[in-house]
Amino acid sequence: MEQFIAFGIVGLSTAAIYAVIGSGLVLTYTTTGVFNFAHGAAGMVSAFVYWQLSVGWGWPVPLALAAVLLVFAPAFGMLFGKALAPTQGLGDAEKLVMTIALLSGLIVIARWVWDPNESRTVPRFFADRPSLDLGVVTVTWHQVLTMAVAVLVAIGLRILLYRTRTGAEMRATVDDRALVGLTGADPRRANRIAWILGIELAAIGGILIAPMVTLDAAQLSLLIVSAYTAAIFGRLRNLPMVFVGAIVVGLLESYLTGYLPQNEYLPGLRLAAPALLLLIALLVFPHGRLRGRDRRLGAVPLPGIRGSLAFAAVIVTFAVMLTTMLDEPDLITYGAMFAWGVIALSYVPLLGFAGQISLCQLSFAGIGAVAYAHLGPQGQWWALLAAMGIAALVGALIAVPALRLSGVYMALATAAFAVILDRWIFTLPSFEILGIRIALFDQGSVSLVGPDLFGLEIDSTAGITIFAAVCLALAGLAVVAMRRSRFGRGLIALRDSEAAYATLGGNPQTARVLVFAFSAALAGLGGALYGMQVRAVAPEQFGLVAGLPIFLIATIAGLGAVGAGLFTGLVIAGPLLVIPVLWPDLLDLSQVLPALGGILFGGGVLRHGALAPLREEWLPMLRDRVVGSALLVVVLALWGLRVAEAVDGWNFVLGVVAAAVAARIWHSTRTRPAPEITEPPVEWWGLSRPWKSEDEEVLDRGVTAGS
């Protein structure tokens, strides 16, 4: 009994922290309509700043707390409010991209400033004082502090929201923002206060939980999953239920730690328990209409058949060029762009066509890699199709129970699924179900080989690179065929209005399951191709945080753009890998680029995606038979010089860039309309142009008509 009470005390102290963080999350969402996925990252950064002041620089604890909670956190909250203010009139996808970009960017910046290879610990509060002896159990002063803070936060929020004018304005802003402005109140002021208080609560929670866990950027940021669960218990609007949900999560984690049987299958369950509980809560609890839903959705591009075939040929040709110009180590690194491209392409039908938000595409890629590794140890060709089928089956299984979820709820469900796989399923050893042995990563890594296509063994890195490019080209054509089909048009109609789609005879549930399965199959194919390229993969390569840059870059390319796959692969294999090679000191800066692009997208700078302006500017030049043919000849000539080792790789790249720019200028000159010749006024005849013999007759007719 004493042990049960002791674990209960630990669970309640942890629950108090989750309640504080979750209440800040709900406060900002109910006031602004923006679900802040970066809420936990804000608490993480605050915890690191507190460590830097109190431990790193030796400031007194009260002074460090005052600096973080009274200066840094409010300023950070105002920055969040300014950064996310433009998204309040946008749809779910744009809001999601913005907050995920902030989450990813803050994790990278924290790792940049505070070296993750260096161990850091934050002392518990009042650690020098003896624990309180309550007879059957002892309670530390840190635990007392966390529970007292949670109680004070609950009381303070109750007084603020229901006993003050500011609280009334904040609650009114939730119901009707425009009407609040007509009454003389300032909705923007209410939003600013909500962001400041929300980030303040995140900072308090981050500082309180930092002594209890490893001070790691990703781990601290993902502790927000527990706060997400508490927020879902409150259905994103009921603060008392948020505290109830926090208690459930905290006690569950604590009792699993104390009473979970010790075997090789269950340790990861404790780590994944908050995500599993979040997924269950999302599926069980009824959810009201999401705030801020916006139906002003952009048109989805309709690719042409000839252009799509030409683009597919360009992808394969580009892969052939790479294999002849790069040596083995570089080809392993940069050739993976085609596998990344296939994974990124899986977002196009799901998010671009159907408007379904998923954060677990890289998890499906991991499933595809594992399935191919075990089913095709000798590169059997059918194993690749089987891996895609298994990934599609898992995708359908995820979609079926989540049919009634949408927007933020769907994003939370898929994020929870990714965390469950990352923390538990992918760490399991082999096991049997109904007599069938199932092996995943088997607590290590798995090796993959190239496929054997009816006697043609593709085992070299060059062959695998070209094969991956062919797969990307075929996958792109499959997505184009879907977009042009009746089913693809139905998906876009489903994105625009589920009710209208059902009224016209469509089945929204079936369409969702099918597009989820198709998207998961593409991601599984990309995971298998990536495993072939690098020869072996481990579970940490398919985690939630690792998949955020792919999601951001694919979204930046343009929702619904089939070229998003190659664009994502080029960005990952280009700036994200090349910049650290040329300038090693800029490694961390290059990793921030996807987050910066996501912020520009969410802020409206790249609202229609990066590919749309590129098509408008460069496609007419490529279609110009003279200029396009000349550019092709120059590129092929440079390729020949590179193969003959007459020029190195960097000179080849510079030559191609210079030729493309010159061709663009040439095309602009060729297509520039001739200046219109305007006739000068009569008064200037003979001065601005030579006098003509017929001018006198014209003047005479004018005078006669005037008289």
Side-chain angles (χ1 to χ4, degrees), residues 37-38 40-41 44 100 103-104 107-108 111 116 213-214 216-229 249 252-253 256-257 260 264-282 340 343 346-347 357-371 373-374 387 390-391 394-395 397-398 402 410-431 438-446 519-520 523-524 526-528 530-531 534 536-552:
F37 268 83
M44 173 271 296
I100 287 180
L103 167 63
S104 178
I107 291 176
V108 172
R111 289 173 171 173
V213 297
T214 303
D216 176 78
Q219 182 177 348
L220 271 177
S221 298
L222 290 183
L223 283 173
I224 192 64
V225 171
S226 301
Y228 288 163
T229 309
V249 177
L252 176 67
E253 289 184 356
L256 283 178
T257 301
L260 198 66
E264 56 185 350
Y265 296 99
L266 296 179
L269 176 60
R270 186 187 67 81
L271 298 176
L276 188 60
L277 188 60
L278 171 60
L279 186 59
I280 294 173
L282 285 166
W340 292 123
I343 298 173
S346 68
Y347 285 105
I357 301 171
S358 171
L359 298 179
C360 63
Q361 296 304 104
L362 195 60
S363 301
F364 292 138
I367 292 173
V370 168
H374 290 291
I390 292 173
V394 175
L397 292 176
I398 293 299
M410 178 63 80
L412 286 172
T414 53
F417 176 70
V419 172
I420 292 170
L421 287 183
D422 181 31
R423 294 184 175 180
W424 182 28
I425 303 301
F426 281 165
T427 65
L428 291 175
S430 59
F431 56 94
I438 299 177
L440 300 174
F441 289 97
D442 206 12
Q443 296 179 320
S445 61
V446 292
S519 175
Y530 176 72
V534 298
V537 290
E540 57 267 17
Q541 293 172 279
F542 301 100
L544 173 64
V545 175
L548 296 182
I550 301 176
F551 170 80
L552 290 174

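Judged by distance alone, with hydrogens and angles left aside, the side-chain atoms of Tyr228 form a donor-acceptor pair with the main-chain N or O of Phe37 at under 3.5 Å. Ser519 places a side-chain N or O within 3.5 Å of a backbone atom of Ser346 that can act as its donor or acceptor partner. No donor-acceptor pair closer than 3.5 Å links the side chain of Ser104 to the backbone N or O of Ile100.
In terms of heavy atoms, Leu362 sits closest to Phe542 at O-CD2, 3.4 Å. Across all their heavy atoms, Pro539 and Asp422 have their closest contact at O-OD1, 4.2 Å. The nearest pair of heavy atoms linking Leu256 to Ala273 is CD1-CB, 3.4 Å. When every heavy atom of Val249 is checked against every heavy atom of Pro274, the shortest pair comes out as CG1-CB, 4.4 Å. Smallest separation of non-hydrogen atoms from Ala275 and Ala416: O-CB, 3.5 Å. Taking all atoms of both residues into account, the shortest heavy-atom contact from Ala528 to Gly368 is CB-O, 4.0 Å.
For the pair Thr414/Ile357, no side-chain contact is recorded, criterion being any heavy-atom separation below 4.5 Å from C-beta on. Taking the side chain as every heavy atom from C-beta outward, Gln361 and Tyr347 approach each other to under 4.5 Å. Two residues are said to be in side-chain contact when any heavy atoms from C-beta on lie closer than 4.5 Å; Leu269 and Leu276 meet this criterion. Counting heavy atoms from C-beta on, the side chains of Ile367 and Leu421 come closer than 4.5 Å.
Partner of Phe441 under the side chain to side chain contact (heavy atoms under 4.5 Å, CB included) criterion, chosen from Val446, Thr427, Leu428: Val446.
For the atom pair CE of Met44 and CG of Asp216, the computed distance is 9.0 Å after rounding to the nearest 0.5 Å. Ile550 CD1 to Ile343 CD1: the interatomic distance, rounded to the nearest 0.5 Å, is 5.0 Å. Taking CG of Leu279 as the reference point, atom CD1 of Ile398 lies at 6.5 Å (rounded to 0.5 Å). Atoms CG and OG1, on Leu271 and Thr257 in that order, are 8.5 Å from each other to the nearest 0.5 Å. Atom OG of Ser363 sits about 7.0 Å away from atom CG of Leu544, to the nearest 0.5 Å. Taking CG from Leu252 and CZ from Arg270, the interatomic distance works out to 10.5 Å, rounded to the nearest 0.5 Å.
Ring orientation note: the planes of Phe417 and Phe364 are tilted relative to one another, at an angle of 30° to 60°.
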